[in-house]
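Note sheet for the following structure.
The residues of the chain are indexed from 1 along the displayed sequence.
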Amino acid sequence: LQVPCVLSQPMAGSESRRFTNKHSKKALKASLTLGILLGMFFVAWLPFFITNMTQAACGCVPAGFFDVLTWLGYCNSTMNPIIYPLFMRDFKRAMGKFLPCCRRSGEPRPSAISLSMRNSNSGARAATSLKNVL
């Protein structure tokens, strides 16, 4: 009984280009998202840190200006939940499952037990003990 030996053949030209285009588009989109997130982070926090070092060196920064720059940094944190759904489809789907305003009608809300068991590796025995605790 002989098993035929199949040599690995390179992908056909059009398949190879399609595969490359698909992955290069994903890489480009990931780079764009990361660039936007990092850019916003630096725009929001860099003035705060420069002002903080200036304040330590000379003590000449007004308290109100320092507070404004601190709040600019805080505003960066509020922008992340807006940016992620705009650029990441998987994030949008995941949030749609848990936010009542984004859930489709007729789709049940996941329970706390199903969420904890989905992230746990402990199996059915832990599910029984978790139900007894709750």
Name every donor-acceptor pair, under 3.5 Å, that has one atom in a side chain of residues 32-41 and the other anywhere in the protein, sequence neighbours excluded.
from	atom 1	to	atom 2	distance (Å)
T33	OG1	K29	O	3.0

Only distances under 3.5 Å count here; give the side-chain donor-acceptor pairs of residues 52-69 to other protein atoms, sequence neighbours excluded, each with its distance to 0.1 Å.
from	atom 1	to	atom 2	distance (Å)
T54	OG1	I50	O	2.8
Q55	OE1	V61	N	3.0

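I82 pairs by the side-chain contact (heavy atoms from CB on, under 4.5 Å) definition with M79, L86, not counting sequence neighbours.
Taking every heavy atom of both residues into account, F42 and P47 meet most closely at O-CD, 3.8 Å.
A tilted orientation is assigned to the rings of F49 and W45, their planes being inclined by 30° to 60°.
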